[in-house]
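Notes follow once the structure below has been shown.
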Number of protein chains: 2
Amino acid sequence: MSDTPRRSAYHHGDLREALLDAAGAILREQGPAALTLREAARRVGVTHRALYRHFRDKEELLAVMAAKGYAELLEQARMELAAEDRRPEDRLLTIARVYLRYAVADPARYALMSGARLNVDGRFPELEAQVTAGIGLLNAELEATAPGVTGTALRDAGLTLWAAMHGVADQLNQGRIRVKPERLDGYSRVLLAPVVRGLAETLRGG
Amino acid sequence: MSDTPRRSAYHHGDLREALLDAAGAILREQGPAALTLREAARRVGVTHRALYRHFRDKEELLAVMAAKGYAELLEQARMELAAEDRRPEDRLLTIARVYLRYAVADPARYALMSGARLNVDGRFPELEAQVTAGIGLLNAELEATAPGVTGTALRDAGLTLWAAMHGVADQLNQGRIRVKPERLDGYSRVLLAPVVRGLAETLRGG
DNA sequence: ACCTGAACACCGTTCAAGT
DNA sequence: ACCTGAACACCGTTCAAGT
(Lines give C-alpha, C1' and ligand atoms only; values in the text may rest on other atoms or scores of the structure.)
Protein backbone atom coordinates (compact mmCIF):
# COMPACT_ATOMS: atom_id res chain seq x y z
CA MET A 1 0.00 0.00 0.00
CA SER A 2 2.92 2.32 0.66
CA ASP A 3 4.21 4.13 -2.34
CA THR A 4 7.68 4.76 -0.98
CA PRO A 5 10.32 2.93 -2.99
CA ARG A 6 11.86 0.18 -0.95
CA ARG A 7 15.47 1.26 -1.03
CA SER A 8 16.59 -0.72 1.95
CA ALA A 9 16.18 -3.94 0.00
CA TYR A 10 19.19 -3.19 -2.18
CA HIS A 11 21.91 -2.69 0.32
CA HIS A 12 23.23 -6.20 0.18
CA GLY A 13 24.61 -6.21 -3.30
CA ASP A 14 21.49 -7.30 -5.11
CA LEU A 15 20.80 -3.95 -6.74
CA ARG A 16 22.66 -5.16 -9.77
CA GLU A 17 20.41 -8.18 -10.12
CA ALA A 18 17.33 -6.09 -9.39
CA LEU A 19 18.28 -3.69 -12.17
CA LEU A 20 18.85 -6.54 -14.62
CA ASP A 21 15.47 -8.02 -13.72
CA ALA A 22 13.75 -4.66 -14.11
CA ALA A 23 15.42 -4.04 -17.46
CA GLY A 24 14.36 -7.50 -18.62
CA ALA A 25 10.77 -6.84 -17.56
CA ILE A 26 10.66 -3.49 -19.39
CA LEU A 27 12.00 -5.15 -22.53
CA ARG A 28 9.40 -7.92 -22.35
CA GLU A 29 6.45 -5.71 -21.44
CA GLN A 30 7.12 -2.52 -23.36
CA GLY A 31 9.77 -3.24 -25.96
CA PRO A 32 13.25 -1.91 -26.66
CA ALA A 33 12.29 1.75 -27.07
CA ALA A 34 11.01 1.84 -23.49
CA LEU A 35 14.19 0.39 -22.03
CA THR A 36 15.95 3.40 -20.55
CA LEU A 37 18.32 3.47 -17.63
CA ARG A 38 16.08 5.95 -15.90
CA GLU A 39 13.04 3.68 -16.20
CA ALA A 40 14.93 0.66 -14.90
CA ALA A 41 16.10 2.69 -11.92
CA ARG A 42 12.56 3.95 -11.32
CA ARG A 43 11.26 0.38 -11.21
CA VAL A 44 13.59 -0.67 -8.43
CA GLY A 45 13.07 2.60 -6.56
CA VAL A 46 16.47 4.10 -6.93
CA THR A 47 17.97 7.19 -8.56
CA HIS A 48 19.07 6.69 -12.13
CA ARG A 49 22.56 7.56 -11.06
CA ALA A 50 22.81 4.54 -8.75
CA LEU A 51 23.02 2.36 -11.80
CA TYR A 52 26.46 3.63 -12.69
CA ARG A 53 27.85 1.97 -9.59
CA HIS A 54 27.07 -1.41 -11.17
CA PHE A 55 27.32 -0.83 -14.92
CA ARG A 56 29.75 1.34 -16.77
CA ASP A 57 27.15 2.55 -19.21
CA LYS A 58 23.97 1.50 -20.97
CA GLU A 59 25.82 -0.72 -23.40
CA GLU A 60 27.29 -2.75 -20.57
CA LEU A 61 23.85 -3.34 -19.08
CA LEU A 62 22.62 -4.54 -22.47
CA ALA A 63 25.64 -6.78 -22.98
CA VAL A 64 25.14 -8.42 -19.60
CA MET A 65 21.47 -9.02 -20.41
CA ALA A 66 22.40 -10.54 -23.76
CA ALA A 67 25.04 -12.80 -22.21
CA LYS A 68 22.51 -14.03 -19.64
CA GLY A 69 20.09 -14.72 -22.45
CA TYR A 70 22.58 -16.85 -24.33
CA ALA A 71 23.46 -18.76 -21.17
CA GLU A 72 19.77 -19.51 -20.57
CA LEU A 73 19.21 -20.57 -24.18
CA LEU A 74 22.26 -22.84 -24.08
CA GLU A 75 21.11 -24.45 -20.87
CA GLN A 76 17.69 -25.18 -22.34
CA ALA A 77 19.25 -26.68 -25.44
CA ARG A 78 21.52 -28.91 -23.37
CA MET A 79 18.62 -30.10 -21.26
CA GLU A 80 16.48 -30.98 -24.25
CA LEU A 81 19.34 -32.77 -25.93
CA ALA A 82 20.02 -34.79 -22.79
CA ALA A 83 16.38 -35.80 -22.52
CA GLU A 84 16.17 -36.98 -26.12
CA ASP A 85 18.59 -39.21 -27.82
CA ARG A 86 17.84 -39.88 -31.43
CA ARG A 87 19.23 -39.59 -34.91
CA PRO A 88 21.72 -36.77 -35.45
CA GLU A 89 19.35 -34.94 -37.80
CA ASP A 90 16.64 -35.00 -35.17
CA ARG A 91 19.00 -33.64 -32.55
CA LEU A 92 19.72 -30.69 -34.82
CA LEU A 93 16.01 -30.09 -35.18
CA THR A 94 15.71 -30.26 -31.40
CA ILE A 95 18.21 -27.42 -31.16
CA ALA A 96 16.19 -25.47 -33.72
CA ARG A 97 13.00 -26.08 -31.75
CA VAL A 98 14.54 -24.78 -28.52
CA TYR A 99 16.07 -21.81 -30.33
CA LEU A 100 12.82 -20.73 -31.94
CA ARG A 101 10.77 -21.18 -28.79
CA TYR A 102 13.25 -19.02 -26.95
CA ALA A 103 13.22 -16.34 -29.63
CA VAL A 104 9.43 -16.19 -29.78
CA ALA A 105 8.94 -16.24 -26.02
CA ASP A 106 10.47 -12.76 -25.70
CA PRO A 107 11.01 -11.04 -29.04
CA ALA A 108 12.65 -7.90 -27.69
CA ARG A 109 15.13 -9.93 -25.69
CA TYR A 110 15.91 -11.98 -28.77
CA ALA A 111 16.39 -8.82 -30.83
CA LEU A 112 18.82 -7.56 -28.21
CA MET A 113 20.77 -10.83 -28.27
CA SER A 114 20.97 -11.10 -32.03
CA GLY A 115 21.05 -7.43 -32.87
CA ALA A 116 23.78 -4.90 -33.47
CA ARG A 117 27.04 -6.27 -32.24
CA LEU A 118 27.59 -5.30 -28.63
CA ASN A 119 31.00 -6.86 -28.41
CA VAL A 120 32.81 -4.35 -30.62
CA ASP A 121 36.54 -4.27 -29.82
CA GLY A 122 36.13 -7.29 -27.57
CA ARG A 123 34.60 -5.10 -24.89
CA PHE A 124 32.42 -7.86 -23.47
CA PRO A 125 34.32 -11.15 -23.61
CA GLU A 126 31.74 -12.94 -21.45
CA LEU A 127 29.12 -12.27 -24.11
CA GLU A 128 31.36 -13.53 -26.88
CA ALA A 129 32.14 -16.62 -24.80
CA GLN A 130 28.45 -17.54 -24.65
CA VAL A 131 28.07 -17.15 -28.39
CA THR A 132 31.15 -19.27 -28.98
CA ALA A 133 29.79 -21.96 -26.69
CA GLY A 134 26.58 -21.96 -28.71
CA ILE A 135 28.46 -22.39 -31.96
CA GLY A 136 30.41 -25.21 -30.35
CA LEU A 137 27.26 -27.04 -29.35
CA LEU A 138 25.79 -26.70 -32.81
CA ASN A 139 28.96 -27.88 -34.53
CA ALA A 140 29.32 -30.88 -32.25
CA GLU A 141 25.84 -32.06 -33.16
CA LEU A 142 26.43 -31.33 -36.82
CA GLU A 143 29.55 -33.44 -36.84
CA ALA A 144 27.52 -36.45 -35.78
CA THR A 145 25.60 -36.27 -39.03
CA ALA A 146 28.78 -36.75 -41.03
CA PRO A 147 31.58 -38.14 -38.85
CA GLY A 148 35.02 -37.06 -39.89
CA VAL A 149 34.23 -33.86 -41.81
CA THR A 150 36.97 -31.26 -41.94
CA GLY A 151 37.00 -28.14 -39.78
CA THR A 152 36.11 -25.63 -42.47
CA ALA A 153 33.25 -27.58 -43.99
CA LEU A 154 31.85 -28.16 -40.52
CA ARG A 155 32.13 -24.52 -39.53
CA ASP A 156 30.48 -23.40 -42.74
CA ALA A 157 27.60 -25.81 -42.22
CA GLY A 158 27.23 -24.57 -38.65
CA LEU A 159 27.05 -20.98 -39.83
CA THR A 160 24.43 -21.85 -42.41
CA LEU A 161 22.25 -23.68 -39.92
CA TRP A 162 22.57 -20.92 -37.37
CA ALA A 163 21.76 -18.35 -40.04
CA ALA A 164 18.66 -20.25 -41.05
CA MET A 165 17.44 -20.56 -37.44
CA HIS A 166 18.08 -16.88 -36.85
CA GLY A 167 16.32 -15.94 -40.06
CA VAL A 168 13.24 -17.97 -39.20
CA ALA A 169 13.24 -16.46 -35.70
CA ASP A 170 13.24 -12.95 -37.16
CA GLN A 171 10.43 -13.77 -39.57
CA LEU A 172 8.35 -15.17 -36.74
CA ASN A 173 8.96 -12.18 -34.52
CA GLN A 174 8.17 -9.73 -37.29
CA GLY A 175 4.89 -11.44 -37.93
CA ARG A 176 5.74 -12.50 -41.47
CA ILE A 177 5.27 -16.07 -40.36
CA ARG A 178 2.13 -16.40 -38.32
CA VAL A 179 1.81 -19.56 -36.26
CA LYS A 180 -0.26 -20.53 -33.27
CA PRO A 181 1.99 -21.33 -30.33
CA GLU A 182 0.97 -25.00 -30.26
CA ARG A 183 2.01 -25.32 -33.90
CA LEU A 184 5.37 -23.63 -33.56
CA ASP A 185 7.38 -26.79 -33.03
CA GLY A 186 5.89 -28.57 -35.99
CA TYR A 187 6.26 -25.60 -38.24
CA SER A 188 9.88 -25.02 -37.24
CA ARG A 189 10.47 -28.56 -38.33
CA VAL A 190 8.82 -28.02 -41.69
CA LEU A 191 10.93 -24.95 -42.36
CA LEU A 192 14.26 -26.22 -41.12
CA ALA A 193 14.25 -29.92 -41.98
CA PRO A 194 15.14 -29.17 -45.62
CA VAL A 195 18.12 -27.14 -44.45
CA VAL A 196 19.36 -29.91 -42.18
CA ARG A 197 18.89 -32.36 -44.99
CA GLY A 198 20.83 -30.29 -47.51
CA LEU A 199 23.63 -29.68 -45.02
CA ALA A 200 23.93 -33.32 -44.00
CA GLU A 201 24.04 -34.46 -47.60
CA THR A 202 26.60 -31.84 -48.54
CA LEU A 203 28.76 -32.70 -45.53
CA ARG A 204 28.64 -36.38 -46.39
CA GLY A 205 30.14 -35.36 -49.69
CA GLY A 206 27.27 -35.28 -52.15
CA MET B 1 33.78 29.21 -48.84
CA SER B 2 30.60 30.66 -47.46
CA ASP B 3 29.26 28.95 -44.38
CA THR B 4 25.67 30.00 -44.80
CA PRO B 5 23.38 27.03 -45.43
CA ARG B 6 22.02 27.16 -48.95
CA ARG B 7 18.34 27.29 -48.21
CA SER B 8 17.26 28.53 -51.56
CA ALA B 9 18.12 25.20 -53.14
CA TYR B 10 15.13 23.49 -51.57
CA HIS B 11 12.26 25.58 -52.68
CA HIS B 12 11.28 23.44 -55.59
CA GLY B 13 10.09 20.37 -53.80
CA ASP B 14 13.41 18.56 -53.56
CA LEU B 15 13.87 19.04 -49.82
CA ARG B 16 12.23 15.71 -49.25
CA GLU B 17 14.75 13.95 -51.48
CA ALA B 18 17.61 15.95 -50.00
CA LEU B 19 16.58 14.84 -46.52
CA LEU B 20 16.36 11.21 -47.58
CA ASP B 21 19.82 11.41 -49.14
CA ALA B 22 21.26 13.06 -46.06
CA ALA B 23 19.69 10.45 -43.79
CA GLY B 24 21.09 7.69 -45.98
CA ALA B 25 24.56 9.22 -45.85
CA ILE B 26 24.46 9.52 -42.06
CA LEU B 27 23.41 5.89 -41.79
CA ARG B 28 26.21 4.75 -44.08
CA GLU B 29 28.93 6.94 -42.59
CA GLN B 30 28.07 7.01 -38.91
CA GLY B 31 25.62 4.24 -38.21
CA PRO B 32 22.07 4.10 -36.88
CA ALA B 33 22.75 5.80 -33.54
CA ALA B 34 23.86 8.95 -35.37
CA LEU B 35 20.74 9.12 -37.51
CA THR B 36 18.67 11.85 -35.89
CA LEU B 37 16.19 14.14 -37.54
CA ARG B 38 18.14 17.13 -36.32
CA GLU B 39 21.36 15.90 -37.89
CA ALA B 40 19.68 15.18 -41.22
CA ALA B 41 18.21 18.69 -41.22
CA ARG B 42 21.61 20.17 -40.32
CA ARG B 43 23.19 18.43 -43.31
CA VAL B 44 20.84 19.99 -45.80
CA GLY B 45 21.00 23.37 -44.08
CA VAL B 46 17.50 23.59 -42.76
CA THR B 47 15.84 23.79 -39.38
CA HIS B 48 14.94 20.42 -37.89
CA ARG B 49 11.34 21.51 -37.93
CA ALA B 50 11.24 21.79 -41.71
CA LEU B 51 11.34 18.02 -41.85
CA TYR B 52 7.84 17.70 -40.48
CA ARG B 53 6.47 19.27 -43.63
CA HIS B 54 7.59 16.18 -45.55
CA PHE B 55 7.48 13.35 -43.02
CA ARG B 56 4.98 12.78 -40.31
CA ASP B 57 7.56 11.61 -37.83
CA LYS B 58 10.88 9.82 -37.62
CA GLU B 59 9.32 6.43 -38.23
CA GLU B 60 7.91 7.58 -41.54
CA LEU B 61 11.32 8.79 -42.69
CA LEU B 62 12.78 5.41 -41.78
CA ALA B 63 9.99 3.52 -43.51
CA VAL B 64 10.46 5.50 -46.72
CA MET B 65 14.20 4.79 -46.61
CA ALA B 66 13.54 1.10 -46.09
CA ALA B 67 11.03 0.96 -48.95
CA LYS B 68 13.53 2.64 -51.27
CA GLY B 69 16.13 0.12 -50.20
CA TYR B 70 13.89 -2.81 -51.07
CA ALA B 71 13.04 -1.27 -54.43
CA GLU B 72 16.74 -0.89 -55.21
CA LEU B 73 17.53 -4.43 -54.12
CA LEU B 74 14.69 -5.83 -56.19
CA GLU B 75 15.83 -3.93 -59.25
CA GLN B 76 19.35 -5.28 -58.90
CA ALA B 77 18.06 -8.81 -58.53
CA ARG B 78 15.88 -8.49 -61.62
CA MET B 79 18.77 -7.13 -63.67
CA GLU B 80 21.10 -9.93 -62.66
CA LEU B 81 18.46 -12.54 -63.35
CA ALA B 82 17.83 -11.06 -66.79
CA ALA B 83 21.53 -11.11 -67.61
CA GLU B 84 21.99 -14.72 -66.62
CA ASP B 85 19.82 -17.57 -67.66
CA ARG B 86 20.75 -20.87 -66.21
CA ARG B 87 19.50 -23.74 -64.13
CA PRO B 88 16.82 -22.86 -61.58
CA GLU B 89 19.13 -23.64 -58.66
CA ASP B 90 21.73 -21.25 -60.04
CA ARG B 91 19.16 -18.52 -60.45
CA LEU B 92 18.29 -18.86 -56.76
CA LEU B 93 21.95 -18.56 -55.90
CA THR B 94 22.10 -15.46 -58.09
CA ILE B 95 19.38 -13.91 -55.96
CA ALA B 96 21.34 -14.85 -52.86
CA ARG B 97 24.48 -13.27 -54.30
CA VAL B 98 22.71 -9.99 -55.05
CA TYR B 99 21.03 -10.01 -51.64
CA LEU B 100 24.25 -10.51 -49.72
CA ARG B 101 26.19 -7.95 -51.73
CA TYR B 102 23.47 -5.45 -51.05
CA ALA B 103 23.39 -6.22 -47.33
CA VAL B 104 27.16 -5.97 -46.96
CA ALA B 105 27.49 -2.79 -49.03
CA ASP B 106 25.67 -0.77 -46.37
CA PRO B 107 25.15 -2.68 -43.13
CA ALA B 108 23.20 0.02 -41.31
CA ARG B 109 20.81 0.40 -44.22
CA TYR B 110 20.32 -3.36 -44.27
CA ALA B 111 19.69 -3.39 -40.53
CA LEU B 112 17.05 -0.72 -41.02
CA MET B 113 15.38 -2.70 -43.79
CA SER B 114 15.37 -6.02 -41.99
CA GLY B 115 15.05 -4.72 -38.45
CA ALA B 116 12.15 -4.07 -36.13
CA ARG B 117 8.95 -4.04 -38.08
CA LEU B 118 8.17 -0.55 -39.28
CA ASN B 119 4.89 -1.49 -40.84
CA VAL B 120 2.98 -2.13 -37.62
CA ASP B 121 -0.78 -1.73 -38.16
CA GLY B 122 -0.19 -1.45 -41.89
CA ARG B 123 1.02 2.11 -41.45
CA PHE B 124 3.34 1.99 -44.46
CA PRO B 125 1.72 -0.07 -47.20
CA GLU B 126 4.35 0.98 -49.78
CA LEU B 127 7.01 -0.66 -47.63
CA GLU B 128 5.00 -3.83 -47.28
CA ALA B 129 4.37 -3.84 -51.02
CA GLN B 130 8.11 -3.93 -51.72
CA VAL B 131 8.62 -6.81 -49.33
CA THR B 132 5.75 -8.69 -50.91
CA ALA B 133 7.23 -8.13 -54.36
CA GLY B 134 10.51 -9.57 -53.11
CA ILE B 135 8.81 -12.66 -51.77
CA GLY B 136 7.02 -13.01 -55.09
CA LEU B 137 10.27 -12.91 -57.05
CA LEU B 138 11.85 -15.52 -54.80
CA ASN B 139 8.86 -17.84 -54.97
CA ALA B 140 8.64 -17.59 -58.76
CA GLU B 141 12.25 -18.73 -59.09
CA LEU B 142 11.76 -21.43 -56.49
CA GLU B 143 8.81 -22.84 -58.36
CA ALA B 144 11.03 -23.42 -61.38
CA THR B 145 13.08 -25.90 -59.37
CA ALA B 146 10.04 -28.09 -58.81
CA PRO B 147 7.27 -27.24 -61.29
CA GLY B 148 3.79 -27.81 -59.96
CA VAL B 149 4.41 -27.61 -56.22
CA THR B 150 1.47 -26.53 -54.07
CA GLY B 151 1.13 -23.04 -52.66
CA THR B 152 1.90 -23.84 -49.05
CA ALA B 153 4.97 -25.94 -49.73
CA LEU B 154 6.27 -23.24 -52.05
CA ARG B 155 5.66 -20.46 -49.57
CA ASP B 156 7.35 -22.39 -46.81
CA ALA B 157 10.38 -23.04 -48.97
CA GLY B 158 10.51 -19.35 -49.87
CA LEU B 159 10.44 -18.39 -46.22
CA THR B 160 13.23 -20.79 -45.42
CA LEU B 161 15.45 -19.53 -48.22
CA TRP B 162 14.79 -15.93 -47.35
CA ALA B 163 15.49 -16.70 -43.70
CA ALA B 164 18.79 -18.32 -44.60
CA MET B 165 19.87 -15.38 -46.76
CA HIS B 166 18.92 -12.94 -44.05
CA GLY B 167 20.72 -14.97 -41.43
CA VAL B 168 23.92 -15.11 -43.45
CA ALA B 169 23.66 -11.36 -44.11
CA ASP B 170 23.44 -10.68 -40.38
CA GLN B 171 26.39 -12.92 -39.61
CA LEU B 172 28.46 -11.15 -42.25
CA ASN B 173 27.53 -7.71 -40.99
CA GLN B 174 28.22 -8.63 -37.39
CA GLY B 175 31.67 -9.82 -38.31
CA ARG B 176 31.06 -13.43 -37.32
CA ILE B 177 31.76 -14.40 -40.88
CA ARG B 178 34.84 -12.63 -42.15
CA VAL B 179 35.32 -12.61 -45.91
CA LYS B 180 37.33 -10.46 -48.25
CA PRO B 181 35.01 -8.60 -50.65
CA GLU B 182 36.31 -10.48 -53.68
CA ARG B 183 35.48 -13.76 -52.00
CA LEU B 184 31.98 -12.84 -50.92
CA ASP B 185 30.20 -14.28 -53.96
CA GLY B 186 31.98 -17.60 -53.76
CA TYR B 187 31.46 -17.90 -50.04
CA SER B 188 27.76 -17.02 -50.28
CA ARG B 189 27.49 -19.91 -52.64
CA VAL B 190 29.25 -22.31 -50.29
CA LEU B 191 26.93 -21.35 -47.44
CA LEU B 192 23.66 -21.28 -49.34
CA ALA B 193 23.99 -24.00 -51.95
CA PRO B 194 23.21 -26.72 -49.37
CA VAL B 195 20.02 -24.87 -48.44
CA VAL B 196 18.91 -24.58 -52.06
CA ARG B 197 19.70 -28.22 -52.54
CA GLY B 198 17.72 -29.36 -49.53
CA LEU B 199 14.77 -27.18 -50.49
CA ALA B 200 14.72 -28.32 -54.11
CA GLU B 201 14.87 -31.96 -53.09
CA THR B 202 12.15 -31.52 -50.52
CA LEU B 203 9.92 -29.65 -52.99
CA ARG B 204 10.39 -32.37 -55.57
CA GLY B 205 8.94 -34.68 -52.98
CA GLY B 206 11.94 -36.47 -51.48
C1' DA C 1 3.04 26.55 -49.28
C1' DC C 2 7.03 26.22 -46.80
C1' DC C 3 10.14 27.21 -43.20
C1' DT C 4 11.58 29.16 -38.38
C1' DG C 5 11.93 30.03 -33.05
C1' DA C 6 10.93 28.93 -28.65
C1' DA C 7 9.45 25.49 -25.58
C1' DC C 8 8.40 20.72 -23.50
C1' DA C 9 9.31 16.33 -21.82
C1' DC C 10 12.38 13.15 -22.28
C1' DC C 11 17.39 10.81 -22.71
C1' DG C 12 22.57 9.17 -21.18
C1' DT C 13 26.31 10.85 -18.78
C1' DT C 14 29.42 13.80 -15.72
C1' DC C 15 30.63 16.33 -11.35
C1' DA C 16 30.46 17.14 -6.74
C1' DA C 17 28.52 15.91 -2.79
C1' DG C 18 25.96 13.34 0.99
C1' DT C 19 25.60 9.05 4.52
C1' DA D 1 30.93 1.47 -0.24
C1' DC D 2 26.87 3.05 -2.08
C1' DC D 3 23.52 6.34 -3.38
C1' DT D 4 21.71 11.29 -4.45
C1' DG D 5 21.02 16.19 -6.64
C1' DA D 6 21.92 19.36 -9.91
C1' DA D 7 23.56 20.18 -14.38
C1' DC D 8 24.91 19.43 -19.46
C1' DA D 9 24.29 18.38 -24.11
C1' DC D 10 21.51 15.99 -26.64
C1' DC D 11 16.73 13.95 -28.61
C1' DG D 12 11.64 13.92 -31.04
C1' DT D 13 7.68 16.51 -31.11
C1' DT D 14 4.21 20.42 -30.46
C1' DC D 15 2.60 25.37 -30.79
C1' DA D 16 2.47 29.69 -32.64
C1' DA D 17 4.32 32.50 -35.75
C1' DG D 18 6.90 34.47 -39.87
C1' DT D 19 7.43 35.13 -45.40
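Chain A is the first sequence line, chain B the second, and so forth, proteins listed ahead of strands; every chain is numbered from 1. Because the structure is predicted, anything quoted here is derived from the model rather than measured.
- The salt bridge (charged side-chain N to carboxylate O under 4.0 Å, His left out) check on Glu29(A) picks up Arg43(A), with sequence neighbours excluded.
- Atom CG of Leu19(A) is separated from atom P of dC3(D) by 9 Å (rounded to the nearest Å).
- Under 4.0 angstrom from either OP1 or OP2 of dC2(C) there lies no side-chain N or O belonging to His54(B).
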Considering only nitrogen or oxygen atoms on both sides, find all protein atoms under 3.5 Å from nucleotides 17-19 of chain C and state each distance.
none

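- At whole-Å resolution of the value, CZ in Phe55(A) and P in dT13(C) are 13 Å apart.
- Counting distance only, with no hydrogens placed and no angle test, the side-chain atoms of His48(A) and the base atoms of dT4(D) include no donor-acceptor pair under 3.5 Å.
- For Glu128(A) and Arg117(A), the salt-bridge test passes: some basic side-chain N is under 4.0 Å from an acidic carboxylate O.
- Seen from the ring of Tyr102(A), Arg109(A) counts as a face-on cation partner, given the 6.0 Å and 45° thresholds.
- Consecutive Watson-Crick or G-U pairs involving DNA chain C, each under 3.5 Å on both distances, make up stems of three or more pairs at C:4-8 with D:12-16, C:12-16 with D:4-8.
- Using a cut-off of 4.0 Å between Lys/Arg side-chain N and Asp/Glu carboxylate O, Asp90(A) and Arg189(A) are scored as salt-bridged.
- Residue Thr36(B) has its side chain nearest to dC11(D) when only dC11(D), dC3(C), dC11(C) are considered.
- A salt bridge does not link Glu72(B) with Lys68(B): every distance from a Lys NZ or Arg NE/NH1/NH2 to an Asp or Glu carboxylate oxygen is 4.0 Å or more.
- The residue among Leu37(B) and Leu51(A) whose nearest nucleotide of DNA chain D lies closer to the 5′ end is Leu51(A).
- Between dT14(C) and Arg56(A), no contact under 4.0 Å exists linking OP1 or OP2 to a side-chain N or O.
- Atoms CZ (Arg38(A)) and C1' (dA6(D)) sit 11 Å apart, rounded to a whole Å.
- Counting only N and O atoms by type, the side chains of Asp170(A) and Tyr110(A) include no donor and acceptor under 3.5 Å apart.
- In this entry the distance linking OH of Tyr52(A) with C1' of dC3(D) reads 14 Å, nearest Å.
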